[in-house]
Colleague: 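If you scroll down you'll find the structure; I have some questions about it.
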Amino acid sequence: MRSIEIPPPSERDWRYRAFEILPGALTWIVLFLPAVLAIISPKLAAYFIIAYLLMWFVRAVGLNVRSLQGWKILDQHRKIPWEKLNADLEVLQARTIDVPKWHAKNIERVSRYMGSERIKPSQVLHAVIIAAYNESRDVLEPTVKAVMASSYDLKKIILIIAYEERGGDGIAKTAQDLIAEFGGVFYHAEAVQHPKDIPGEVIGKGGNITFAGRRLQKFLAGKNIDPLRVLVTTLDSDNRPDKQYLPALTYTYCSTEDPKHASYQPIPMFLNNIWDAPAPMRVVATGNSFWMVVQSLRPHMLRNFSAHAQPMAALIDTDFWSVRTIVEDGHQFWRSYFRYDGRYEVFPIFVPIYQDAVLTDKYTRTLKAQFIQVRRWAWGVSDIAYVAYMGFMRPNQIPRAKLIAKFARLLEGHVSWSTAPLILLLAALVPFFLNPQSYIANQLPQVASRLQTVAMAGILVTLFLSMRTLPPKPERYKRHRNVWMILQWVYLPLTTIVYSSFAAINSQTRLMFGWYLGKFDVTEKAVRK
């Protein structure tokens with residue numbers, strides 16, 4: 001079986017390095033393009049900038065429509081009686097009333113195409129791996145309790161707390177205490193310590209959950225449990241699944257025609273501590289939540305992010321997660337994609353996994369931690385070279401047109417991440433400052449301002465939905481806190497530039513020069529009581 005692992009830096013030839021340089025080079029070219037065009041011709045610069053603004057205006061309208069659609073679906077799916085739908089799927093009879101029309105269609109499709117080889121809901125076993133580093137019990141215990149609160153038979157759940165030896169004695173005791181106190185309600189539960197300094201591993205989550213996954217593989221083999229019947233969900237220490245997540249995941253898995261060659265992506269919602277986080281972090285967290293909702297409606301763009309699920313059989317085929325990258329979640333999509341020669345999909349689960357907004361014990365440290373977190377997410381740009389390497393430099397059976405489309409979307413997404421906020425907000429000023437005598441250069445900022453004003457009206461949609469999705473306000477906050485939840489959006493231009501463009505530029509520039517991020521910078525988590 002051919003290797004799907006990322007080549008270590010010492011084995012990356014000039015072709016691999018060229019694709020590592022490509023996104024950063026394109027980013028800096030795009031950023032300097034308005035200035036270069038303004039020097040050549042103010043009119044040419046104006047045409048480019050207006051065209052760019054119009055393109056993103058259309059995109060903004062689409063994003064707002066997708067946001068409304070996504071929130072509606074999310075609200076509907078949280079209210080669906082998934083246990084009853086699974087019971088119908090078990091016997092292939094649509095008996096439950098007042099449910100979406102797609103339920104009866106799914107029953108018919110499963111009956112027609114899957115036959116006796118299908119996996120029934122009653123046969124599914126869930127394994128939940130909670131990755132921890134050095135978090136306190138105040139962070140980990142609510143996650144364990146959220147799994148326990150699932151609308152699912154706990155005796156069909158395996159719970160593993162995967163913790164790091166390098167995290168110290170505190171996390172070891174916390175993990176073992178939680179297993180001792182709550183483990184008895186599950187089919188099986190254990191705390192698995194990931195040894196430090198394993199050769200070939202970067203310091204990151206991938207090595208931790210891979211070590212736990214291999215331990216789970218041995219346990220299942222000892223019990224003679226078919227790996228295709230086991231769905232593995234990975235959670236960070238602050239990830240709290242909605243009570244409907246496991247039944248919704250079961251339904252989706254059992255109604256998928258090719259369940260092994262797929263992963264299943266719930267909706268990350270950064271709302272756990274949204275009332276406690278500083279205003280800039282609330283804006284970033286809300287924006288990230290909205291973006292994940294929008295992505296769930298774009299199957300061609302959807303990839304694994306943070307908490308996700310995959311059948312144990314597929315994880316065994318990919319030798320679990322990569323231990324050489326700090327972005328093991330999104331990278332797992334590409335590992336699976338190339339392992340199965342493109343026969344691989346990601347299905348959205350329109351049920352939330354609640355996560356923390358960035359919050360530490362000090363304001364300035366929180367601002368820094370937010371930047372480091374987004375920079376780590378943006379390190380997914382390293383997948384561009386990996387996709388080019390596996391897709392164009394190694395033998396595979398993937399149709400070339402399909403592969404080129406996937407590669408182009410990945411590249412465009414990262415370049416837009418780093419450049420779009422700066423171009424949209426500032427590019428119209430460049431021709432004006434370089435050519436103040438030019439009429440068109442003087443008019444350009446006004447035209448851009450009008451387009452930006454219309455596009456910014458979309459913030460009203462974001463504001464409306466963000467207020468509707470807030471969790472209950474803690475009693476320690478007074479009513480005026482609601483006002484700040486509205487006024488916080490004045491930070492949007494600043495947070496978009498700093499925590500989107502600058503973070504992505506940082507990652508792309510580091511990759512361009514070979515300054516690799518060699519460890520997973522754990523986001524510090526503080527809990528306010």
Side-chain angles (χ1 to χ4, degrees), residues 130-140 142-143 146 167 171 203-205 234-240 266-293 295 305-307 326-330 352-380 417-418 421 462 466 469-471 473-474 476-477 481 484-485 487-507 517 519-529:
I130 302 174
Y133 173 56
N134 63 354
E135 293 81 6
S136 67
R137 181 169 178 136
D138 288 337
V139 174
L140 267 173
T143 299
I171 186 60
I203 299 174
K205 178 182 170 184
T234 58
L235 301 177
D236 288 342
S237 58
D238 63 327
N239 292 181
R240 293 155 202 175
I267 311 296
M269 302 285 290
F270 300 86
L271 297 176
N272 284 342
N273 59 349
I274 195 71
W275 288 98
D276 298 324
M281 276 62 264
R282 296 198 299 267
V283 173
V284 174
T286 304
N288 290 335
S289 298
F290 273 78
W291 179 247
M292 295 310 302
V293 171
Q295 286 292 85
F305 177 78
S306 190
I326 64 170
V327 284
E328 88 301 325
D329 47 2
I353 299 283
Y354 300 103
Q355 304 186 25
D356 285 357
V358 173
L359 176 65
T360 71
D361 58 350
K362 293 183 180 179
Y363 187 83
T364 53
R365 287 175 65 183
T366 299
L367 295 176
K368 181 179 178 180
Q370 180 69 81
F371 183 87
I372 292 173
Q373 183 191 65
V374 179
R375 183 184 68 178
R376 185 181 72 238
W377 294 348
W379 192 250
W417 186 347
S418 57
T462 304
S466 67
T469 56
L470 283 175
K473 179 166 55 64
R476 60 181 174 272
Y477 292 120
R481 186 75 169 181
W484 293 113
M485 287 293 185
L487 296 179
Q488 69 189 22
W489 290 99
V490 300
Y491 283 108
L492 183 61
L494 179 63
T495 58
T496 302
I497 290 176
V498 175
Y499 295 114
S500 182
S501 276
F502 288 175
I505 290 170
N506 184 290
S507 283
L517 291 177
K519 68 174 184 176
F520 186 105
D521 292 307
V522 178
T523 303
E524 183 181 345
K525 296 175 176 64
V527 177
R528 290 185 181 172
K529 298 182 179 179

Colleague: What distance do M281 atom CE and Q373 atom CD have between them, rounded to the nearest 0.5 Å?
Modeller: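 Taking CE in M281 and CD in Q373, the distance rounds to 9.5 Å.
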Colleague: For the residue pair I353 and P268, establish whether any side-chain heavy-atom pair is separated by less than 4.5 Å.
Modeller: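 Sidechains of P268 and I353: no contact.
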Colleague: In terms of side-chain geometry, is the basic nitrogen of D521 or K368 positioned less than 4.0 Å from the acidic oxygen of its partner?
Modeller: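 Answer for the salt bridge query: no.
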Colleague: Compare all side-chain heavy atoms of W417 with those of V374 and state whether any distance is below 4.5 angstrom.
Modeller: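 Yes. Closest side-chain heavy atoms under 4.5 Å.
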Colleague: Can you name the residues that form a side-chain hydrogen bond (donor to acceptor under 3.5 Å, both in side chains) with D236, not counting sequence neighbours?
Modeller: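 By the side-chain hydrogen bond (donor to acceptor under 3.5 Å, both in side chains) rule, D236 matches K205.
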Colleague: Should the pair W377 and F305 be assigned to parallel (<30°), tilted (30 to 60°) or perpendicular (>60°) ring geometry?
Modeller: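 W377 and F305: perpendicular rings.
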Colleague: Over all heavy atoms of both residues, which pair between G167 and N134 is shortest? Give the atoms and the distance, please.
Modeller: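 So the minimum-distance heavy-atom pair works out to O-CB, 3.6 Å.
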Colleague: Has the side chain of R375 got a donor or acceptor atom that lies under 3.5 Å from a matching backbone atom of A504?
Modeller: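 Answer holds: no.
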Colleague: Do other residues, nucleotides or ligands put more than 12 heavy atoms under 6.0 Å from the NZ atom of K362?
Modeller: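 Open.
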Colleague: For the CD1 atom of I274 and the OG atom of S289, what is their distance to the nearest 0.5 Å?
Modeller: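 These two atoms lie 7.0 Å from each other.
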Colleague: Report yes if the side chains of I326 and W379 come closer than 4.5 Å at any heavy-atom pair, otherwise no.
Modeller: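 SC-SC contact between I326 and W379 confirmed.
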Colleague: Once side chain to side chain contact (heavy atoms under 4.5 Å, CB included) is applied, do any residues pair with V284, and if so which ones, sequence neighbours excluded?
Modeller: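 With neighbours one apart ignored, the set is N288, Q370, T495, Y499.
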Colleague: Filter on salt bridge (Lys or Arg N to Asp or Glu O under 4.0 Å), then keep only pairs touching residues 498-507, sequence neighbours left out; what's left?
Modeller: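 Residue pairs passing salt bridge (Lys or Arg N to Asp or Glu O under 4.0 Å), neighbours aside: none found.
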Colleague: For Y133, check ring-ring contact (aromatic ring centres under 6.0 Å, His included) against everything at least two apart and list the hits.
Modeller: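 Counting only residues at least two positions away or on another chain, Y133 forms no ring-ring contact (aromatic ring centres under 6.0 Å, His included).
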Colleague: Atom CD of Q355 and atom CD1 of I267: how far apart are they, to the nearest 0.5 Å?
Modeller: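 Spacing of CD (Q355) from CD1 (I267) equals 11.5 Å.
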Colleague: Looking at T234 and A307, would you say the former's side chain and the latter's main chain have a donor-acceptor pair under 3.5 Å?
Modeller: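 Not at all, since once roles are kept as given, no pair shorter than 3.5 Å links the two residues.
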Colleague: With a 3.5 Å cut-off and no angle check, do the side chains of Y354 and D238 form a donor-acceptor pair?
Modeller: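 Side chains of Y354 and D238: no pair found under 3.5 Å.
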Colleague: Atom CG of N273 and atom CG of D356: how far apart are they, to the nearest 0.5 Å?
Modeller: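 CG of D356 is found 4.0 Å from CG of N273.
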Colleague: Please tell me if the side chains of I372 and T523 come closer than 4.5 Å, counting only heavy atoms from C-beta onward.
Modeller: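 Side-chain contact under 4.5 Å: no.
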Colleague: Can you name the residues that form a side-chain hydrogen bond (donor to acceptor under 3.5 Å, both in side chains) with D329, not counting sequence neighbours?
Modeller: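 With neighbours one apart ignored, the set is empty.
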Colleague: If you define the side chain from C-beta out and look only at heavy atoms, does anything of V522 sit under 4.5 Å from E135?
Modeller: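 Sidechains of E135 and V522: in contact.
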Colleague: Should R476 and D276 be marked as a salt bridge (charged side-chain N to carboxylate O under 4.0 Å, His left out) after you check the CA-CA gap, both sets of side-chain angles, and the distance that decides it?
Modeller: CA-CA 10 Å; R476 60 181 174 272; D276 298 324; 2.7 Å; yes
Colleague: Only pairs at least two apart or in different chains count here, so list each salt bridge (Lys or Arg N to Asp or Glu O under 4.0 Å) that has a residue in residues 487-504.
Modeller: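 Counting only pairs at least two positions apart or across chains, no salt bridge (Lys or Arg N to Asp or Glu O under 4.0 Å) contact touches residues 487-504.
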Colleague: Kindly give the heavy-atom pair with the smallest separation between L359 and P278, and that separation in Å.
Modeller: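 Closest approach of L359 to P278, heavy atoms only: CD1-CD, 3.9 Å.
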Colleague: Atom OG of S501 and atom CG of N506: how far apart are they, to the nearest 0.5 Å?
Modeller: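 Output value for this atom pair is 12.0 Å.
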Colleague: Which atom pair, heavy atoms only, marks the closest approach of Q488 to A279?
Modeller: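 Minimum heavy-atom contact is CB-CB, 4.0 Å.
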Colleague: Could you walk me through whether K473 and R481 pass the side chain to side chain contact (heavy atoms under 4.5 Å, CB included) check?
Modeller: CA-CA 9 Å; K473 179 166 55 64; R481 186 75 169 181; 4.1 Å; yes
Colleague: Could you check whether any side-chain heavy atom of I130 comes within less than 4.5 Å of a side-chain heavy atom of N239, counting everything from C-beta outward?
Modeller: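 Answer no - side chains too far apart.
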Colleague: Can you establish whether the number of heavy atoms outside Y491 located under 6.0 Å from its atom OH is more than 12?
Modeller: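 Incorrect, the count does not exceed 12.
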Colleague: Below 4.5 Å, heavy atoms only, C-beta onward: do L470 and W275 meet side chain to side chain?
Modeller: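 The answer is yes, as the side chains (C-beta and beyond) meet within the 4.5 Å cut-off.
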Colleague: Hey, does the side chain of T360 reach the backbone of T366 with a donor-acceptor pair shorter than 3.5 angstrom?
Modeller: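 Such a contact is found between T360 side chain and T366 backbone.
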Colleague: Using side-chain heavy atoms (C-beta onward) and a distance below 4.5 Å, is V139 in contact with T143?
Modeller: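 V139 does not reach T143 side chain to side chain.
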Colleague: Looking only at the side chains, is there a donor atom on one of T286 and S466 sitting less than 3.5 Å from an acceptor on the other?
Modeller: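 No.
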